A.B. asks: 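Can you keep this structure in mind? I'll have questions shortly.
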Protein chains: 2
Amino acid sequence: MGRYQESIAVYGVKDTENALLCIGPLGPTILITMSDRRTQILDAAATLISERGFTSTSVDDVIKGAKLSGKSHFYHYFKSKEELGYEVLNRQFERFAERGLAILREPMIDPLERLNLFIDAVVALQSESGGRRGSPFGNLAAELADAHEGFRVRIEAVFERWASQIRSLLWEARPQLHDDVDAVRLSRFIIAALEGAVLMTRVKRDLSVLEGIAADLKRFIAMHLRDGAAMQHHRAVD
Amino acid sequence: MGRYQESIAVYGVKDTENALLCIGPLGPTILITMSDRRTQILDAAATLISERGFTSTSVDDVIKGAKLSGKSHFYHYFKSKEELGYEVLNRQFERFAERGLAILREPMIDPLERLNLFIDAVVALQSESGGRRGSPFGNLAAELADAHEGFRVRIEAVFERWASQIRSLLWEARPQLHDDVDAVRLSRFIIAALEGAVLMTRVKRDLSVLEGIAADLKRFIAMHLRDGAAMQHHRAVD
DNA sequence: ACAAAACAGGACCGAACGGTCCAAGTCACC
DNA sequence: GGTGACTTGGACCGTTCGGTCCTGTTTTGT
């Protein structure tokens, strides 16, 4: 069980079960295998960071959370806390975000219905933590966007993936939509409203805030329907 | 020039020019006078905290920012970093937030027009920093809502003040609005959308994100107009 | 069997943190 | 002229931080 293996010919049973298919922005497809310990650390760190933020999560906290023996054990897997943060963002959080992306891509469902399901999924995900945890991306964005360019860029990329997925969904739905719908703006609006709603929910410690905003957001989206299509959709939303 | 003076009979010229009229939640009206130095520290801290967050702003940073001679000088005015944080939130930031509240209250302007002006003011305020600084409340909320209950409560109070001001504005505008408009939900939606928009703008380093969302938000509000009133307003928005 | 990896545990480092304490000087006001 | 608030400057404290180094033992793939 190696750590990084840049070969394609890695077919061991244990190796592939933790494999992560990684399409680099420029390079070819790379198959990265991760040890169980590594994912264990990543999981523990993801939990702690989403609870207390990146700055307030110490390496020692992560070590305790992942039940490692000491610092040397941790630094055997990650060369710095920063690298840990990046990988948490890349692996754990993106995997979590892809649940939402998968819903947006679902080919058998009407696109605008998928958008509603996506919003429902955000609400459902927040419900799991009682609305206390908030969006991992939004939290890190607020904490580090000014201070740490590396994180800012990576978080921007996550939002951009959501936005582009919503844009292509809106493009798919264009027969049902008004001609003057601006997909770029609408996709940004949806993400901003959800991120803001999650933040407000966290501050108020009240899930109904998110639920109300989610419902309003669906109505806002329905506002962009062609007059003919508006009727049947307005029913479905209320 | 005392620090805290709980008497009413403080009429010295120097004393009143920095006085802050404070209506406590339960107690009577208290006249607190603040020395120049104190406000100087508060200003420096407010700047630093909005730039780097509360946790990442050290007391030494504030001392440098306010050009104090040393720690003893700082601790002559504030008994802890936490107290400093609370007072920054209470004094500097609330004063800043009240610019927005004043617009919402403006009695001579049509209520819904005021709402548009309020949104414009948020955009204008972000423009001053090129959209890099974000909302001081939103930033602190994301940073400390889980970790620090004292901050969470205070930030919640700020949002609640905004929301209640918008609610009463919507109540004032009810002749122009649909009967089924839910003022509680709509006010929350407006705040969440703006906070989310500011966050996204900060991440993308692109003010046009905020501008687009602000425009969409105005359209969303206009959606709640009575059919008769909708026409003339739709013009004004586009 | 052998090498490399993973695991364990602890000592240690320099820096930064929030905060205290002290000593001495300045200044305004009763 | 004294009292108390303000200013200056620095030493100091205990703790935590990210990170290094070192000495071993156990596991794993070949």
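Below, chain A is the first sequence line, B the second, and so on; all start at residue 1. None of the values given here were measured: they were computed from a predicted structure.
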A.B. asks: Measure from NE2 on His73(B) to C1' on dG19(C) and round the result to the nearest Å.
C.D. replies: 17 Å
A.B. asks: Between C1' on dG25(C) and NE2 on His76(B), what's the gap in Å once rounded to a whole number?
C.D. replies: 14 Å
A.B. asks: Kindly indicate whether a cation-pi arrangement holds for Lys81(A) with Phe54(A), taking the cut-offs as under 6.0 Å to the six-membered ring centre and within 45° of the axis.
C.D. replies: yes
A.B. asks: Using OP1 and OP2 only, check whether a side-chain N or O of Arg37(B) sits under 4.0 Å from dT7(D).
C.D. replies: yes
A.B. asks: Let me have the donor-acceptor pairs involving side chains of residues 100-108 of chain A, under 3.5 Å, with sequence neighbours excluded, atom names and distances please.
C.D. replies:
none

A.B. asks: Which residues within residues 142-155 of chain B lie with some heavy atom under 4.0 Å of an atom in DNA chain C?
C.D. replies: none
A.B. asks: Check salt bridge (Lys or Arg N to Asp or Glu O under 4.0 Å) between Asp61(A) and all other residues, then give those that pass, not counting sequence neighbours.
C.D. replies: Arg52(A)
A.B. asks: At under 4.0 Å between heavy atoms, which parts of nucleotides 10-19 of chain D does protein reach? Answer with one letter per nucleotide, 5' to 3': B base, S sugar-phosphate only, - none.
C.D. replies: B------SBB
A.B. asks: Just jot down the side-chain contact (heavy atoms from CB on, under 4.5 Å) partners of Asp206(B), sequence neighbours excluded, or say none.
C.D. replies: Arg188(A), Lys204(B), Ser208(B), Val209(B)
A.B. asks: Grab the OH-P distance between Tyr77(B) and dA5(D) for me, whole Å please.
C.D. replies: 12 Å
A.B. asks: Between dT7(D) atom P and Leu68(B) atom CG, what is the distance in whole Å?
C.D. replies: 8 Å
A.B. asks: Mind jotting down which residue pairs meet the ring-ring contact (aromatic ring centres under 6.0 Å, His included) criterion with at least one end in residues 126-150 of chain A? Sequence neighbours excluded, please.
C.D. replies: Phe93(A)-Phe137(A), Phe137(A)-Trp162(A), His148(A)-Phe151(A)
